[in-house]
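Heads up: the structure comes next, in structure tokens.
Just so you know, these numbers use all the heavy atoms, side chains as well, and skip hydrogens, waters and symmetry mates. In each ligand, atom 1 is the first atom listed, and ligand 1 is the first ligand listed. We count residues from 1, following the sequence as given.
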Amino acid sequence: MYTLTFRNNDVMPALGLGTWKSEKGEVYDAVLAALEAGYRHLDCAFIYGNEKEIGEALTEAYKRGIVQRSDLWITSKLWNDSHAKGSVVPALQQTLNDLQTDYLDLYLIHWPVAHKKGVLSTSKAEEQIPLSELPISETWTGMEEAVRKGLTKHIGVCNFGLQRLKDLVAVSNIKPEMNQVESHPYLQQNELLEYCKANDIHYTGYSPLGSPDRPGDLRKEDDPILLEDNTINAIAKRHKVSPAQVTLAWALQRGTSVIPKSVNPERIKANLKANDLKLSEEDMAAIKALDKNRRYLDGSFWFLKGGTYKKEDLWK
Ligand code: NDP
Ligand code: 1BO
């Protein structure tokens with residue numbers, strides 16, 4: 001199994017189970033199937049609306065003796081309406097209650113986007129708060145407090161571009177230890193990954209299969225379908241594995257974590273087996289050449305008429 005080691009020597013299994021769009025009524029079985037299959041890393045978030053059911057599955061897994069809490073790496077994320085310094089710890093406590101645990105291994109700021117308290121999804125500009133009014137540095141102070149209180153072992157961010165990450169490193173007391181970003185052969189983010197590696201920040205690739213079940217408003221007519229890519233399929237055929245296993249093994253071999261989502265027991269098991277696939281240097285080079293800077297989740301849902309968040313700034 002590929003692993004990533006944190007600054008205090010904590011070890012994270014590099015391949016985890018994604019849970020966005022894992023519906024209530026199916027995520028319970030998916031989590032148990034994943035733990036039975038050998039997953040020890042779960043990627044969760046308050047906004048996925050399923051942390052309570054994941055907590056029930058975890059409690060059942062402990063009861064059945066499949067795992068203990070200390071065997072697991074659990075990540076969750078702070079939602080955009082809780083960026084005020086005083087809101088971070090209460091938001092994390094809600095997640096801990098729902099997941100039925102006393103601590104997280106990793107807590108991440110979900111987006112560099114702030115909403116008014118209680119606004120989960122914004123449709124009007126006035127529901128957003130500009131980062132000039134509620135800066136990431138303030139939110140980070142709340143994240144640091146969560147570490148000091150023992151509620152999470154590590155903290156980091158998601159969806160931070162290079163400059164935004166550098167800015168946070170410059171003002172933080174506890175440096176971020178993770179940047180979770182969209183990453184797959186069509187969006188490799190090599191410069192960002194190099195910066196992370198040079199600065200002891202881990203990198204998790206989300207939507208590693210191209211997020212084929214992303215909500216309809218995030219799909220575009222001309223989206224290239226990652227798992228149908230000719231190069232990926234030729235490599236898969238040569239190794240007698242699936243295209244999904246190729247994209248996951250590529251991510252693991254470039255030193256990143258990866259969190260494929262599935263609620264299908266067979267795909268859950270098969271995805272974990274990407275740990276056993278060894279791609280050759282030629283395979284890695286062929287996949288490297290596929291980069292097209294293609295973002296499937298481009299953040300367009302934050303760009304409201306008259307609003308504060310703009311495409312040209314979000315990914316900077
Ligand atoms: P993925 O790229 O993981 O794709 C998930 C889709 O692929 C589902 O439709 C799933 O269907 C299908 N699938 C799973 N395994 C296979 C396989 N072996 N072959 C073919 N299809 C397969 O998309 P996500 O966007 O969900 O990203 C993964 C995770 O990353 C999320 O669940 C979430 O935890 C995290 N994430 C974080 C974000 C952030 O802002 N920090 C943003 C987006 C994602 P099925 O379930 O039926 O198997
Ligand atoms: C708004 C999309 C969140 C996925 O993590």
### Query
Evaluating non-hydrogen atoms only, which member of I268, V258, L209 is closest to atom 2 (O) of ligand 1?
L209
### Message
Assess the residue pair R254 and N190 against the criterion (side-chain hydrogen bond (donor to acceptor under 3.5 Å, both in side chains)); give the C-alpha distance rounded to whole Å, side-chain angles, the decisive distance to 0.1 Å, and a yes or no.
### Response
CA-CA 10 Å; R254 71 201 285 252; N190 288 310; 2.8 Å; yes
#### Entry: Proximal candidate to atom 37 (C) of ligand 1 [heavy atom criterion; set R214, Q180, E23]
Q180
### Query
Heavy-atom contacts under 4.0 Å between H184 and ligand 1: side chain, backbone, both, or neither?
neither
#### Entry: Per-atom contacts of ligand 1 with S211, taking only distances under 4.0 Å to non-hydrogen atoms
1 (P), 2 (O), 4 (O), 23 (O), 24 (P), 25 (O)
### Query
Taking N or O atoms only and a 3.5 Å limit, does K77 qualify as a polar contact for ligand 1?
no
### Task
Identify which of W20, Y206, W111 has a heavy atom lying nearest to atom 36 (N) of ligand 1.
Y206
### Message
With heavy-atom distances below 4.0 Å as the criterion, list the atoms of ligand 1 near A244.
### Response
17 (C), 18 (N), 19 (N)
### Query
Short list, please: which atoms of ligand 1 are under 4.0 Å from a heavy atom of N264?
48 (O)
### Task
Return yes or no for this condition: an N or O of Y48 is under 3.5 Å from an N or O of ligand 2.
yes
### Query
Using a heavy-atom cut-off of under 4.0 Å, does the side chain or the backbone of S262 touch ligand 1, or both, or neither?
both
### Query
For the atom pair CG (L106) and OG (S76), what is the distance rounded to the nearest 0.5 Å?
9.5 Å
### Task
Under 4.0 Å from a heavy atom of N271: give me the atoms of ligand 1 that qualify, with their elements.
14 (C), 15 (N), 17 (C), 18 (N)
### Summary
A student checking ligand 1 against C158 at a 4.0 Å heavy-atom cut-off should list atoms 41 (N)
### Task
Could you see which bit of S207 sits under 4.0 Å from ligand 1, with heavy atoms only: side chain, backbone, both or neither?
both
### Message
For ligand 1 and P260, I'd like to know whether there is a polar contact (N/O to N/O, distance under 3.5 Å).
### Response
no
### Query
For K311, does the NZ atom sit with more than 12 other heavy atoms under 6.0 Å from it, leaving out its own atoms?
no
### Task
Count the heavy atoms belonging to other residues, nucleotides or ligands that lie under 6.0 Å from NZ of K220, then report whether that count exceeds 12.
yes
### Query
Are the charged groups of D43 and K261 less than 4.0 angstrom apart, N to O?
no
### Message
Is the shortest side-chain heavy-atom distance between T204 and L108 below 4.5 Å?
### Response
no
### Message
Contact between D283 and V246 at the side-chain level, heavy atoms closer than 4.5 Å - yes or no?
### Response
no
### Query
Does NZ in K21 sit with more than 12 non-hydrogen atoms of other residues, nucleotides or ligands closer than 6.0 Å?
yes
### Query
D43 heavy atoms, cut-off 4.0 Å: which ligand 1 atoms fall inside?
33 (C), 34 (O), 35 (C)
### Query
Can you check whether N50 reaches T19 side chain to side chain, under 4.5 Å on heavy atoms?
yes
### Task
Under 4.0 Å from a heavy atom of L227: give me the atoms of ligand 1 that qualify, with their elements.
20 (C), 21 (N)
### Query
Counting only heavy atoms not in K278, do more than 12 sit closer than 6.0 Å to its NZ atom?
yes
## Note on the structure
shortest atom 17 (C) of ligand 1-to-protein heavy-atom contact is with R267 CD, 3.4 Å
### Message
Between the side chains of K292 and D229, is the shortest nitrogen-to-carboxylate-oxygen separation below 4.0 Å, so that they form an ion pair?
### Response
no
### Query
Does ligand 2 have an atom that lies less than 4.0 angstrom from a heavy atom of H110?
yes
### Query
Considering only heavy atoms, which of I259, L226, V157 lies nearest to atom 30 (O) of ligand 1?
I259
### Query
Applying the 4.5 Å side-chain criterion to the ILVMFWY set and letting contacts propagate, would L58 and L96 be lumped into a single cluster?
yes
## Note on the structure
If you compare K273, H110, K261, E182 by their heavy atoms, the one closest to atom 14 (C) of ligand 1 turns out to be K261
### Query
Taking both backbone and side-chain atoms of W20, is any N or O found less than 3.5 Å from an N or O belonging to ligand 2?
no
### Message
With no hydrogens and no angle check, just 3.5 Å: does a side-chain donor-acceptor pair link T95 and E51?
### Response
yes
### CD (E312) with more than 12 external heavy atoms under 6.0 Å
yes
#### Entry: Geometric N/O contact S242 with ligand 1, under 3.5 angstrom
no
### Task
Just let me know how Y296 lines up against ligand 1, side chain, backbone, both or neither, with a heavy-atom cut-off below 4.0 Å.
neither
### Task
Identify, by atom number and element, the atoms of ligand 1 in contact range of L297, meaning under 4.0 Å from any of its heavy atoms.
42 (C), 43 (C)
